[in-house]
**Q** 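Here you go, one structure.
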Amino acid sequence: MTVTITTPRLMAIGGGALAELPGLLGRLGLARPLIVTDPYIAACGILERATALLDGAQIPWSVFSQTVSDPTTAVIDVGVAQLRADDFDCLVAVGGGSSIDTAKGMSVLYANGGRMRDYTVPNEIPNSGPPIVAIPTTAGTGSEVTRFTVVSDSETDEKMLIAGLACCPTAAIVDYELTLSMPLRLTADTGIDSLTHAIEAYVSRRASPYTDGLAKNAMGLIARNIRTACAEPQNRAAREAMMLGATTAGMAFSNASVALVHGMSRPIGAFFHVPHGLSNAMLLPEITAFSAPAALDRYADCARAMGVSEEGEGSQSAVARLLDELRRLNDDLKVPSPKAYGIDRTRYDELLPVMASQALASGSPANNPRVPSSDQIIELYRRVYE
Ligand SMILES: [Fe+2]
């Protein structure tokens with residue numbers, strides 16, 4: 001079997017790596033960035049730190065700071081108009097996955113025209129657009145290294161998955177110091193998102209020896225540090241491990257794909273505006289229980305990588321420990337059920353067929369070790385509700 005791996009050309013990783021921004025642009029021959037960010041990053045001082053570095057290197061810049069969580073086609077259209085209005089040669093995305101995903105959408109539409117919907121999986125993206133330098137400020141999505149973007153269609157509310165080389169950033173700056181001020185809920189939700197990436201990449205039908213190492217490494221880093229990062233936001237070692245885990249998990253799932261959890265998570269996020277990591281967390285224990293019988297040894301490896309099972313313990317009992325740990329983690333991090341989150345039961349039930357069909361259409365469930373039918377997906381949605 002041959003695998004084709006996609007990664008950024010350049011990555012600067014470590015505390016203070018933000019300072020590498022001007023040098024990194026120079027090495028790539030880029031001189032005129034449009035910065036893509038959100039109003040919080042624009043106000044909290046992080047944007048200013050980035051622009052001061054650019055000013056110091058006499059690199060002219062402009063800012064598009066209207067990105068929203070769960071990026072929409074409407075916001076991307078505004079961003080593309082700004083991108084076309086001047087002679088920018090690259091995008092510098094500063095923020096969480098939403099800002100990075102917005103920049104990806106802008107780059108794709110700039111180079112290819114049409115609408116975001118034209119490029120949803122499994123459609124190809126013909127041309128790569130302006131290069132993207134991604135600077136994550138959360139330890140979660142891994143979008144700084146992935147060939148995916150997720151964009152909500154402003155007309156239908158559907159969360160569309162768009163994939164291809166054109167979506168992979170050219171460079172990433174992975175600086176855990178930018179995450180030190182992340183609030184508890186964001187730390188927990190984004191952390192569980194990256195744990196889900198690592199587990200799904202490892203059990204995916206498209207996993208390879210290359211992605212396996214990255215995924216196991218990420219699981220170890222995240223599982224051993226997520227509680228500390230939540231309890232002690234200023235704990236630099238925990239923040240550094242979470243950031244590295246998130247990026248490493250991103251490298252794994254970008255090249256092995258995610259699976260059923262993400263497939264089912266996107267419709268919950270789209271219809272009920274649940275943050276992405278939280279909707280993953282709501283699903284992760286039950287989906288793992290559903291899927292594990294089809295890949296017991298792989299899930300047992302996850303338990304070992306996360307440090308909840310000893311080497312040599314049988315797969316069945318290791319998987320039981322994995323399920324315990326995932327449920328305990330949700331308890332410890334106060335992850336609500338859809339019901340406790342306030343999602344209306346009637347509307348949830350009404351939408352289940354649409355949610356199941358969107359989940360299947362995304363292609364992610366087909367990578368799961370146990371591929372569910374539409375009815376089984378609906379049943380799983382029902383099971384997690386309370
Ligand atoms: Fe995710």
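Whatever order the structure lists ligands and atoms in, that order sets their numbers, starting from 1.
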**Q** Is there a donor in the side chain of N235 and an acceptor in the side chain of T228, or the other way round, less than 3.5 Å apart?
**A**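 Side chains of N235 and T228: no pair found under 3.5 Å.
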
**Q** Taking 4.0 angstrom as the limit, do D297 and R304 come out as a salt bridge?
**A** no

**Q** Who else is in V308's hydrophobic cluster (ILVMFWY, side-chain heavy atoms under 4.5 Å, direct or via others)?
**A**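 Same cluster as V308: nobody, lone residue.
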
**Q** Inside 2.8 Å of the Fe ion (ligand 1) but strictly below it, how many protein N/O/S atoms are present?
**A**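 If we list every protein N, O or S atom nearer than 2.8 Å to the Fe ion (ligand 1), we get 4.
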
**Q** Looking at the rings of Y341 and F272, which for Trp means the six-membered one, are their centres under 6.0 Å apart?
**A** no

**Q** With a cut-off of under 6.0 Å to the ring centre and 45° to the axis, is R345 in cation-pi contact with Y385?
**A** yes

**Q** Among D189, T190, T196, D193, find the one that has a side-chain hydrogen bond (donor to acceptor under 3.5 Å, both in side chains) with H276.
**A**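 Going through the options one by one, the only one that passes is D193.
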
